[in-house]
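Source: prediction; values computed, not measured. Starting from 1, each residue takes its place in the sequence as its number.
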Amino acid sequence: MANILVIGASRGIGREVCRAATSRGHHVRAMSRGGTQPSSAASAEPFKGDALDAGAVAAALDGIDVVVQALGVPVSLDLFTKPVTLFSEATAVLIPEMKNAGVDTLVAVTGFGAGDSNRAINPLQRIPFDLALKRAYDDKSRQEAMIEDSDLDWLCLLYTSDAAD
C-alpha cells in the first residue's frame with residue numbers, strides 16, 4: 001500500500017481522494033490549512049499546513065510515496081476581480097520539495113479549460129467560461145506547464161462536473 005499526501009484535503013475532490021484511498025487500505029496524510037480530518041476518511045492522518053509554506057510542505061512529505069494536489073479557490077468576488085495565483089505558486093513550492101524528499105509521483109487535479117484542453121471549449125461555452133473562470137484557469141494552465149517541465153512522474157486530471165457520473 002502507498003503512503004499518499006493529499007494537499008487540499010478538506011473539501012471537494014481532495015476529501016473524496018482521501019476517502020477512496022483510505023477505503024483501499026492506503027495510508028493518507030490529509031493536508032489542509034485547518035488541519036481537520038476529512039469527515040469521509042476517518043483513518044486519514046490530518047496535517048495542518050499551507051501549500052504555499054515550503055517548511056510545511058517539506059514536513060508533510062516525510063515518508064510519502066505519492067502526492068495528490070487537489071487545491072481549490074473559494075468562489076467569491078475576488079475570483080472575478082483579482083489575479084489567481086494559488087495553483088502555480090503552490091506548485092512552485094511543491095516541485096522542489098518533492099525532489100528534496102525523493103518523492104517523484106504527482107497527481108494534480110486541474111480542470112477542463114486548463115492547458116491543452118482550453119482549445120476544446122466551444123464558442124457557446126467560451127463567453128461564460130472567460131467571464132467566470134478565466135483567471136483561475138489561466139493559473140491552472142501555468143501550473144500544468146510547470147508540472148510538465150518538471151522531471152516528476154506526473155498526471156494532470158481534468159475535472160469536469162460529469163466526472164462523478
Asks: Using the side-chain contact (heavy atoms from CB on, under 4.5 Å) criterion, which residues pair with Lys48? Sequence neighbours excluded.
Replies: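 If we apply the side-chain contact (heavy atoms from CB on, under 4.5 Å) test to Lys48, skipping adjacent residues, there are no hits.
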Asks: Please confirm whether the backbone N or O of Ala20 pairs with a side-chain atom of Arg24, one donor and one acceptor, at under 3.5 Å?
Replies: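 Indeed, once roles are kept as given, a pair shorter than 3.5 Å links the two residues.
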Asks: Taking all non-hydrogen atoms of both residues, which atom of Thr110 and which atom of Lys140 are closest, and how far apart?
Replies: O-NZ, 3.5 Å
Asks: So that I can tick it off, tell me whether Asp151 and Lys99 are bridged by a salt bridge, with the cut-off set at under 4.0 angstrom between side-chain N and carboxylate O.
Replies: yes
Asks: Tell me, please, which residues at least two apart from Thr105 pass side-chain contact (heavy atoms from CB on, under 4.5 Å).
Replies: Val66, Asp153
Asks: Can you tell me how far the OG atom of Ser32 sits from the CZ atom of Arg11, to the nearest 0.5 Å?
Replies: 9.5 Å
Asks: Check Leu106, Asp104, Leu152 against Val67 for a side chain to side chain contact (heavy atoms under 4.5 Å, CB included) and give me the one that passes.
Replies: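 Of Leu106, Asp104, Leu152, side chain to side chain contact (heavy atoms under 4.5 Å, CB included) with Val67 is met by Leu106 alone.
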Asks: State the CZ-CZ distance between Phe47 and Arg33, to the nearest 0.5 angstrom.
Replies: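 The CZ atom of Arg33 is 15.0 Å from CZ of Phe47, to the nearest 0.5 Å.
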Asks: If you look only at distance, which donor and acceptor atoms sit under 3.5 Å apart when one is on a side chain in residues 85-94 and the other is two or more places apart or in another chain?
Replies:
{"residue": "Thr85", "atom": "OG1", "partner": "Glu89", "partner atom": "OE2", "Å": "2.9"}
{"residue": "Ser88", "atom": "OG", "partner": "Thr85", "partner atom": "O", "Å": "3.4"}
{"residue": "Ser88", "atom": "OG", "partner": "Asp139", "partner atom": "OD1", "Å": "2.5"}
{"residue": "Thr91", "atom": "OG1", "partner": "Gln69", "partner atom": "OE1", "Å": "3.3"}
{"residue": "Thr91", "atom": "OG1", "partner": "Gln69", "partner atom": "NE2", "Å": "3.3"}
{"residue": "Thr91", "atom": "OG1", "partner": "Phe87", "partner atom": "O", "Å": "2.8"}
{"residue": "Thr91", "atom": "OG1", "partner": "Gln143", "partner atom": "NE2", "Å": "3.4"}

Asks: So does Ala2 get a backbone contact from the side chain of His26, meaning a donor-acceptor N/O pair under 3.5 Å?
Replies: yes
Asks: Working to the nearest 0.5 angstrom, can you tell me the gap between Asn100 CG and Glu97 CD?
Replies: 5.0 Å
Asks: Which atoms form the tightest heavy-atom contact between Ala70 and Val109, and what is the distance?
Replies: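 Looking at all heavy atoms of both residues, the closest pair is CB-CG2, 4.1 Å.
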Asks: Heavy-atom distance under 4.5 Å between the side chains of Val68 and Leu5, does that happen here?
Replies: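 No, too far: nothing below the 4.5 Å cut-off.
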Asks: With salt bridge (charged side-chain N to carboxylate O under 4.0 Å, His left out) as the rule and sequence neighbours excluded, what pairs involving residues 64-74 come up?
Replies: none
Asks: Residues in side-chain hydrogen bond (donor to acceptor under 3.5 Å, both in side chains) with His27, at least two apart?
Replies: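 Partners of His27 under the side-chain hydrogen bond (donor to acceptor under 3.5 Å, both in side chains) test: Glu45.
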Asks: Just how far is it from atom CD1 of Ile147 to atom CH2 of Trp154, taken to the nearest 0.5 Å?
Replies: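 So the CD1 of Ile147 and the CH2 of Trp154 are separated by 8.0 Å.
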Asks: Measuring only between side-chain heavy atoms, which start at C-beta, is Arg29 closer than 4.5 Å to Ile64?
Replies: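 Touching, per the 4.5 Å side-chain cut-off.
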Asks: For residues 50-61, which side-chain donor-acceptor pairs fall under 3.5 Å, sequence neighbours excluded?
Replies:
{"residue": "Asp50", "atom": "OD1", "partner": "Leu52", "partner atom": "N", "Å": "2.8"}
{"residue": "Asp53", "atom": "OD1", "partner": "Gly55", "partner atom": "N", "Å": "2.9"}
{"residue": "Asp53", "atom": "OD1", "partner": "Ala56", "partner atom": "N", "Å": "3.2"}

